[in-house]
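Source: prediction; values computed, not measured. Along the sequence shown, the residues carry numbers beginning at 1.
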Amino acid sequence: MGGYIEVRGLGRDYRDGKHSLTVLDQIELSIASREFVAITGPSGSGKSTLLGLMAGLDRPSRGSVTIDGTCITTLGEDALSAFRGRNIGFVFQSFQLIPTLTAIENVRVPAEILGDAALAARAPELLAKMGLSERAGHYPSQLSGGEMQRIALARATVTRPSVLFADEPTGNLDSAAGERVLELLLETQAEATLVLVTHNPELAARAEREICMRHGRIERIIERKRSAVGQGAA
């Protein structure tokens, strides 16, 4: 069973001329396979930086991130891209769909990059699961925010990743659309570890663990009862 994450001594600094700003420091964290973890905290607390580092979207200044026994921190760019393509899905708050591609073409992109026709063939199935089969030929400009986020979720899961990261996945959505996206995210926990950043306390309360960030460090961790999905996967 994949999706186990280990973070050790993780830190991230940014330089502004002669000055150095530490936005993340001394992060120690282990996330179990198929666990649902929410990362919370005020703006500027380092939560999105932590998410990006764990997903391999950015490089740390120090420390390491290991996923399923592979230290992604030490991988070269090509090897990291290949690992991310096979093992990591990411849902952005701003959707990040390709505007010149239709919904179904957007969903297929990660599988096509891998050159995996079998995974690409999952696109219609995933669109149906998202309730968007009739939108397959529509472009992002023709879709609502909730529809675009569901397309983004389908795209992030088309390769069957062992870890799914999401950055404020309901932040740009109304309550009804946000609840639908959350339900679909929770369904992915049957196959993947789910780690998301959120400002929404109701969403965070659904997680098995809440990692509360402040000033670039973990302030506290709130443990909650393991979900039914998690128990079945254990």
Side-chain angles (χ1 to χ4, degrees), residues 1-5 31-40 51-52 54-57 67-68 83-97 103-104 106-111 113-114 116 118-133 135 145-173 176-198 200 202-211 224-234:
M1 185 189 301
Y4 181 72
I5 306 169
I31 298 175
S33 178
R34 298 187 189 177
E35 185 179 6
F36 173 21
V37 172
I39 303 173
T40 63
L51 195 76
M54 287 195 292
L57 298 177
I67 298 178
D68 293 335
F83 183 88
R84 290 186 66 249
R86 282 288 179 188
N87 300 281
I88 295 173
F90 201 100
V91 180
F92 298 89
Q93 179 180 1
S94 55
F95 320 130
Q96 299 287 348
L97 298 180
I104 197 163
N106 266 284
V107 174
R108 288 191 187 118
V109 165
I113 290 173
L114 291 176
D116 193 320
L119 290 176
R122 298 184 66 229
E125 168 196 339
L126 288 172
L127 280 181
K129 182 179 179 181
M130 301 295 163
L132 293 171
S133 293
R135 296 296 206 184
E147 289 170 336
M148 285 193 284
Q149 193 62 300
R150 280 183 277 162
I151 295 297
L153 178 54
R155 179 185 60 184
T157 55
V158 71
T159 59
R160 297 188 185 277
S162 60
V163 184
L164 180 64
F165 295 101
D167 192 1
E168 294 282 4
T170 63
N172 286 333
L173 308 179
E179 182 61 28
R180 178 61 178 144
V181 167
L182 175 57
E183 290 173 359
L184 292 165
L185 276 168
L186 292 175
E187 287 178 15
T188 68
Q189 196 187 355
E191 295 187 347
T193 303
L194 177 58
V195 184
L196 59 82
V197 160
T198 184
N200 186 330
E202 293 181 4
L203 195 162
R206 306 277 285 273
E208 294 154 16
R209 270 197 303 164
E210 181 179 348
I211 312 300
R224 297 192 176 93
K225 186 177 179 180
R226 192 91 161 135
S227 72
V229 172
Q231 290 170 352

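In plain terms, the two heavy atoms of Gly2 and Thr193 that are nearest each other are O-OG1, 4.2 Å. Among all heavy-atom pairs drawn from Arg34 and Ala190, the shortest one is NH1-O, 3.1 Å.
Put simply, the side chain of Arg224 never gets that close to the backbone of Arg206: no donor and acceptor are under 3.5 Å apart. Listed for the Asp68 side chain is a donor-acceptor partner under 3.5 Å among the backbone atoms of Tyr4. Remark: side-chain polar atoms of Arg209 are not paired, donor with acceptor, to backbone N or O of Val37 under 3.5 angstrom. In terms of modelled atom types and a separation under 3.5 Å, the side chain of Thr159 and the main chain of Ala111 share no donor-acceptor contact.
The side chain to side chain contact (heavy atoms under 4.5 Å, CB included) search around Ile113 returns Val109, not counting sequence neighbours.
Remark: Asp116 engages Arg86 in a salt bridge, criterion side-chain N to carboxylate O under 4.0 Å. Ion pairing of Glu187 with Arg150 is absent here, as no side-chain N (NZ or NE/NH1/NH2) approaches a carboxylate O to less than 4.0 Å.
Separating the CG atom in Leu126 from the CG atom in Leu184 is a distance of 10.5 Å, to the nearest 0.5 Å. Note that the CD1 atom of Ile5 and the CD atom of Glu35 stand 9.0 Å from one another [nearest 0.5 Å]. Atom CG of Leu196 is separated from atom CZ of Phe165 by 11.0 Å, given to the nearest 0.5 angstrom.
At a threshold of 4.5 Å between non-hydrogen side-chain atoms, the residues Val195 and Ile211 do not count as touching. Proximity of Lys129 to Thr157: side-chain heavy atoms (C-beta onward) are nowhere separated by under 4.5 Å. Within the 4.5 Å cutoff, no side-chain heavy atoms of Arg135 are placed close to those of Met130. Side-chain contact between Ile104 and Ile151 is absent, with no heavy-atom pair separated by less than 4.5 Å.
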Taking distance alone, no hydrogens or angles, what donor-acceptor pairs closer than 3.5 Å link side-chain atoms of residues 88-96 to residues at least two apart or in another chain?
from  : atom 1 : to     : atom 2 : distance (Å)
Gln93 : NE2    : Asn172 : OD1    : 3.3
Ser94 : OG     : Gln96  : NE2    : 3.3

